[in-house]
S.K.: 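Have a look at the structure that comes next, please.
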Amino acid sequence: MVLFSNIIFLFAAVVTGSLKDWRRYYQTALYLSYCNLLYNLLCNEYLLWEYHPDWLLNHVVTDLLNSIVLLPATAMLYLHYFPNKGKITIVLYYLAWIAGFSVLEYAWHLAGVITYDHGWKFLYSIIFYFAMFFAIRLHHRSAGKALLFSLVVVTFLVIVFKVPLWEQ
């Protein structure tokens, strides 16, 4: 299911022409991938969510695939079609992406492809998507502000979910 999702996002990026503009979105795609890889580094022994893929080997392989394919394709698609005008249009676009990712994750959860631990719940994923899609756009416009925003979010999550960074 995760592999299929990655293929669909990559296919969408190719078919829509978003991938042709990869240079324009490259830094933000890397930022999103690095953030996901940072989660896996910080939470290696304390995963808040974990993948149990059907076709892929394990969580690590699945999340690497997401970091290399799904998330960069997401950044490219999201930014390529981001509306330039109309606050209502922008808000609806933003909410549509949050809803879409939430539905995708919920389907993964129902299928047992993703599970939650250490107090993480599906509702927190929805809230996280609000921050993620805000950060994607923010990074595209101002990388420094996005990095600061990410530092605050990561610090908040580490504290709230008691991620044991200093324990072996």
Side-chain angles (χ1 to χ4, degrees), residues 1-2 4-40 42-43 48-49 51 62-63 65-111 113-114 116 119-161 163:
M1 186 173 237
V2 174
F4 180 71
S5 300
N6 275 267
I7 291 168
I8 293 297
F9 272 80
L10 180 60
F11 180 75
V14 170
V15 168
T16 62
S18 301
L19 198 57
K20 287 181 184 176
D21 263 346
W22 70 270
R23 283 180 181 87
R24 185 174 174 202
Y25 310 122
Y26 180 68
Q27 288 182 350
T28 302
L30 280 179
Y31 158 76
L32 191 56
S33 293
Y34 287 159
C35 287
N36 191 57
L37 293 171
L38 179 63
Y39 158 72
N40 280 284
L42 293 177
C43 297
L48 301 176
W49 60 87
Y51 296 107
T62 303
D63 227 9
L65 182 66
N66 284 347
S67 294
I68 294 167
V69 178
L70 183 100
L71 293 173
T74 297
M76 289 179 207
L77 287 163
Y78 181 69
L79 294 170
H80 187 77
Y81 289 102
F82 199 91
N84 293 325
K85 296 180 184 177
K87 289 182 182 181
I88 292 174
T89 304
I90 290 170
V91 169
L92 291 175
Y93 183 79
Y94 174 67
L95 293 175
W97 274 90
I98 293 165
F101 256 65
S102 298
V103 167
L104 178 62
E105 182 171 321
Y106 190 68
W108 288 356
H109 183 61
L110 287 178
V113 172
I114 188 170
Y116 310 117
W120 192 266
K121 296 176 179 12
F122 173 69
L123 175 61
Y124 300 145
S125 291
I126 296 171
I127 295 166
F128 179 81
Y129 291 136
F130 274 87
M132 183 179 98
F133 285 103
F134 174 78
I136 292 170
R137 177 69 173 154
L138 182 61
H139 185 275
H140 187 63
R141 299 180 87 194
S142 174
K145 288 178 184 176
L147 293 173
L148 183 61
F149 174 75
S150 296
L151 179 64
V152 170
V153 169
V154 167
T155 302
F156 174 79
L157 293 173
V158 164
I159 291 168
V160 168
F161 290 99
V163 177

S.K.: Take atom CZ of Phe11 as the centre, draw a 6.0 Å sphere, and report whether it contains more than 12 heavy atoms from other residues, nucleotides or ligands.
M.R.: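 12 or below, so no.
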
S.K.: Nearest heavy-atom pair of Ser125 and Trp120: which atoms, and what distance?
M.R.: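 For Ser125 and Trp120, the tightest heavy-atom pair comes out as OG-NE1, 2.9 Å.
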
S.K.: Please determine whether ring pair (Phe, Tyr, Trp, His ring centres under 6.0 Å) holds for the pair Tyr25 and Tyr78, giving the CA-CA distance in whole Å, both sets of side-chain angles, and the decisive distance to 0.1 Å.
M.R.: CA-CA 10 Å; Tyr25 310 122; Tyr78 181 69; over 10 Å; no

S.K.: Taking the side chain from Tyr94 and the backbone from Phe130, do they hold a donor-acceptor pair closer than 3.5 Å?
M.R.: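 Side chain of Tyr94 to backbone of Phe130: a pair is present.
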
S.K.: Roughly how far apart are Leu38 CG and Ser150 OG, rounded to 0.5 Å?
M.R.: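 The OG atom of Ser150 is 9.0 Å from CG of Leu38, to the nearest 0.5 Å.
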
S.K.: Ring centres of Tyr39 and Trp49 under 6.0 Å apart?
M.R.: yes

S.K.: Start with the C-alpha gap between Tyr116 and Lys121, add the side-chain angles, then the distance that decides, and say whether side-chain contact (heavy atoms from CB on, under 4.5 Å) holds.
M.R.: CA-CA 6 Å; Tyr116 310 117; Lys121 296 176 179 12; 5.6 Å; no

S.K.: Between Trp108 and Ser5, is any side-chain donor less than 3.5 angstrom from a side-chain acceptor?
M.R.: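 Yes - a donor-acceptor pair under 3.5 Å links their side chains.
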
S.K.: Roughly how far apart are Ser102 OG and Ile126 CD1, rounded to 0.5 Å?
M.R.: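 The OG atom of Ser102 sits 4.5 Å away from the CD1 atom of Ile126.
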
S.K.: Would you check if the side chain of Tyr129 reaches a backbone N or O of Trp97 as a donor-acceptor pair within less than 3.5 Å?
M.R.: no

S.K.: Around atom CG of Leu110, are there more than 12 heavy atoms of other residues, nucleotides or ligands at under 6.0 Å?
M.R.: yes

S.K.: With side-chain contact (heavy atoms from CB on, under 4.5 Å) as the test, would you mind laying out the steps for Asn6 and Ile68 before giving the verdict?
M.R.: CA-CA 9 Å; Asn6 275 267; Ile68 294 167; over 6 Å; no

S.K.: What heavy-atom pair brings Gln27 and His139 nearest, and what distance separates the two atoms?
M.R.: O-CE1, 3.4 Å

S.K.: On a heavy-atom basis, which atom in Ala13 and which in Ala73 lie closest, and how many Å separate them?
M.R.: CB-CB, 4.2 Å

S.K.: As a quick check of understanding, evaluate side-chain contact (heavy atoms from CB on, under 4.5 Å) for Tyr124 and Leu157, giving each step before the final call.
M.R.: CA-CA 10 Å; Tyr124 300 145; Leu157 293 173; over 6 Å; no

S.K.: Looking at Tyr31 and Ala146, what are the two nearest heavy atoms and their distance?
M.R.: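 Scanning both residues completely, I find the closest heavy atoms to be OH-O, 3.6 Å.
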
S.K.: Between Ser18 and Tyr81, does any side-chain donor sit less than 3.5 Å from a side-chain acceptor?
M.R.: no

S.K.: List the atom of Phe9, the atom of Leu77, and the distance in Å for their closest heavy-atom pair.
M.R.: O-CD1, 3.9 Å

S.K.: Which value, rounded to the nearest 0.5 Å, describes the distance between Thr74 atom OG1 and Ile136 atom CD1?
M.R.: 7.0 Å

S.K.: Which atom names give the shortest non-hydrogen contact between Ile114 and His109, and what distance separates them?
M.R.: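 Here Ile114 and His109 meet closest at O-ND1, 3.2 Å.
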
S.K.: Taking atom types as modelled, find out whether Asn36 and Asp63 have a side-chain donor-acceptor pair closer than 3.5 angstrom.
M.R.: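 Side-chain D/A pair, Asn36 to Asp63: present.
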
S.K.: Using the rule given for side-chain contact (heavy atoms from CB on, under 4.5 Å), can you reason through Arg24 versus His140, listing the C-alpha separation, both sets of side-chain angles and the distance that settles it, and then say yes or no?
M.R.: CA-CA 9 Å; Arg24 185 174 174 202; His140 187 63; 4.3 Å; yes

